[in-house]
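The structure appears right after this line, and notes come after that.
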Amino acid sequence: MRLLQFCRLPILGIGLLVLMAIGFTIQLLGTHFQKRPPQTFTVLHPLSSPSIRTCRPKSHIVFLKTHKTAGSTILNMLHRYGDRNSLTFALPQKYQFNYPNLFHGRRVKGYNELNKPTYDILCHHMRFNLPEVRKLMPADSFYFTILRDPATLAESSFSYYRLVSSAFKKAPNFKAFIAHPSHYYKPGERSNHYAHNLLWFDLGFNPDTPFREALAKAGARVVEGAFHLVLLSEYFDESMVLLKEELCWDLDDVVTFKLNTREASTPLEKREIDRLRAWNTLDWYLYIYFNHTFWEKVDRFGREKMDIEVRMLKKRRQQLAEICLEGLNPIRADQITEEGIKPFQFGQDKILGWTVKKDLEPKTRAHCVQMVTPELQYKDILDARQFPQGVRSGSEPGPAGTSVKHLKS
């Protein structure tokens, strides 16, 4: 009997071990198959702690939003930063500062010469007029703008403003315009600034001034003296890294999704590029000049450091896209049901936008929606915040001289 009891002890021990192993395995499997919590929008901490930061974030900013240069994407970035930090925008009374006329302070909503408000950010469409801007903005404001190769800019401008510009309307197609632009272009005709040296025009100069290198160089130096930083749309990520450094902002502040883009167009041939650059000689001179200064700034920043920062920017953009967006590619506006993030449609091509996931936590979804809100809707949000008692108007003439209110309906 004692021998039998003695033999049972090892058997019970083995059984207990087996039960423990089974329980541990079930626990592991349960953990593995447990439903993952929803992803949330977590703002990255600064790369350096505030205690050892050697700069202070800038909040007085002037951005000249040039046409067809990725300016809408940058505008969203500024809207978000100002919105999140309760900054005051110098807003147009409608949607633009009486463009294509030169900027004037009286076009700012709520501006009063006797009781001048203090503004933090000026960034909506205007034709640059430095004396008037300086009267409005703080003396320590950071000025920046963005340029684009005038050949690809011209192609985009033709597509978008085809029904607006007299020169573009006369041309049967873009190839015909490229072949003989002076045949269709007449100075002073309606909206023809979109068809000739558009960057030069947006910067406040006369686009029909005959090209002379001395004049072009003088113009470039005026721009260089007015703006602390001139970005290039072809190097958008590098531009955002330089801007982040200059503004002393955090990575998430400059992460963006492309806005106001259109479906892919047919690439230009080399001879077409050459002709368009020759037609827009003043713009081409500006682009060459500031391409040089841009890469000088990159060299001072450090090429290796720039490569690292660009990789971080792209990685973070990808992370936020996976958290926020239904798809990783923009879609046509007719596929977007949420009116607040549906892009405004104008011109020949369809403007693309984004859809935000519905099943996100409210705070996360609010961040995501901000990142894809087009400029017109975001301007209205800011307007309502700054002028809660005011009557918001959407009847300022759009690019075609047709009211934005009418075009949006």
Side-chain angles (χ1 to χ4, degrees), residues 58-71 74-75 77-78 82 87-113 116-148 150 153 193-194 196-209 211-233 239 242-243 246-247 280 282-294 297:
K58 292 183 174 66
S59 58
H60 295 156
I61 298 162
V62 174
F63 170 55
L64 175 63
K65 184 180 184 291
T66 49
H67 287 80
K68 316 316 295 176
T69 58
I74 295 176
L75 199 62
M77 176 193 72
L78 295 172
L87 302 180
T88 301
F89 288 81
L91 296 173
Q93 295 172 8
K94 309 292 177 59
Y95 289 101
Q96 302 176 13
F97 290 109
N98 201 36
Y99 186 89
N101 296 305
L102 288 168
F103 174 81
H104 197 283
R106 67 174 178 270
R107 298 296 179 180
V108 176
K109 186 171 183 177
Y111 181 74
N112 188 318
E113 283 281 354
K116 296 181 180 179
T118 300
Y119 297 106
D120 299 305
I121 299 178
L122 172 66
C123 59
H124 293 87
H125 266 314
M126 64 175 165
R127 189 175 177 209
F128 195 61
N129 184 1
L130 183 59
E132 281 294 313
V133 172
R134 282 181 171 166
K135 282 165 54 177
L136 185 80
M137 297 300 293
D140 65 346
S141 295
F142 182 86
Y143 288 67
F144 76 103
T145 188
I146 185 167
L147 306 181
R148 181 181 179 182
L153 186 151
H193 59 280
Y194 292 119
H196 192 212
N197 289 314
L198 179 54
L199 295 172
W200 191 261
F201 180 85
D202 282 350
L203 285 159
F205 304 127
N206 180 1
D208 298 314
T209 301
F211 178 83
R212 288 184 294 108
E213 186 171 358
L215 179 140
K217 188 173 185 178
R221 286 181 171 172
V222 168
V223 174
E224 190 174 30
F227 293 90
H228 298 93
L229 183 62
V230 177
L231 309 177
L232 303 177
S233 63
S239 293
L242 289 180
L243 185 63
E246 291 281 1
L247 295 178
N280 297 283
L282 292 168
D283 279 4
W284 180 230
Y285 187 94
L286 279 178
Y287 186 83
I288 292 173
Y289 187 96
F290 287 104
N291 183 287
H292 180 71
T293 65
F294 180 87
K297 290 179 185 293

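- Shown here are the side chain to side chain donor-acceptor pair (under 3.5 Å) partners of Asp120, two or more places apart in sequence or in another chain: His60.
- For the residue pair Cys123 and Lys65, the shortest heavy atom distance occurs at O-CB, 3.7 Å.
- At least one side-chain heavy atom of His124 sits less than 4.5 Å from a side-chain heavy atom of Leu75.
- Contact annotation: the side chain of Tyr287 approaches that of Asn291 to within less than 4.5 Å [non-hydrogen atoms, C-beta and beyond].
- A donor-acceptor contact shorter than 3.5 Å links the side chain of Asp283 to the backbone of Leu198.
- A donor-acceptor contact shorter than 3.5 Å links the side chain of Thr66 to the backbone of Ile146.
- Under the salt bridge (Lys or Arg N to Asp or Glu O under 4.0 Å) criterion, the residue pairs touching residues 126-143 are Glu132-Lys135, with sequence neighbours excluded.
- With rounding to the nearest 0.5 angstrom, the CG atom of Leu91 is 9.5 Å from the CG atom of Leu122.
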| request: Check the pair Leu282 / Phe205 against side-chain contact (heavy atoms from CB on, under 4.5 Å), numbers first and verdict last. | output: CA-CA 10 Å; Leu282 292 168; Phe205 304 127; over 6 Å; no

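- When each of Thr145, Asp202, Leu153 is checked for a side chain to side chain contact (heavy atoms under 4.5 Å, CB included) with Thr69, only Leu153 meets the rule.
- No side-chain heavy atom of Phe294 sits under 4.5 Å from any side-chain heavy atom of Leu147.
- Considering only heavy atoms from C-beta on, Phe97 comes within 4.5 Å of Val108 through its side chain.
- Side chains of Phe142 and Leu243 form a contact here, defined as non-hydrogen atoms less than 4.5 Å apart.
- The side chain to side chain donor-acceptor pair (under 3.5 Å) test applied to Tyr119 returns no partner, not counting sequence neighbours.
- Of all heavy-atom pairs between Ile121 and Ser59, the closest is CG1-O, 4.0 Å.
- Partners of His67 by ring-ring contact (aromatic ring centres under 6.0 Å, His included), not counting sequence neighbours, listed by chain and number: Tyr99, His125, Tyr194.
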Just list the side-chain donor-acceptor pairs under 3.5 Å for residues 214-232, sequence neighbours left out, or say none.
from: Glu224; atom 1: OE1; to: Tyr289; atom 2: OH; distance (Å): 2.6
from: His228; atom 1: ND1; to: Tyr143; atom 2: N; distance (Å): 2.9

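- Judged by distance alone, the side chain of Gln93 and the main-chain N or O of Arg106 form a donor-acceptor pair under 3.5 Å.
- Scored by the side chain to side chain donor-acceptor pair (under 3.5 Å) test, Asp208 finds Tyr185, His196 as partners (sequence neighbours excluded).
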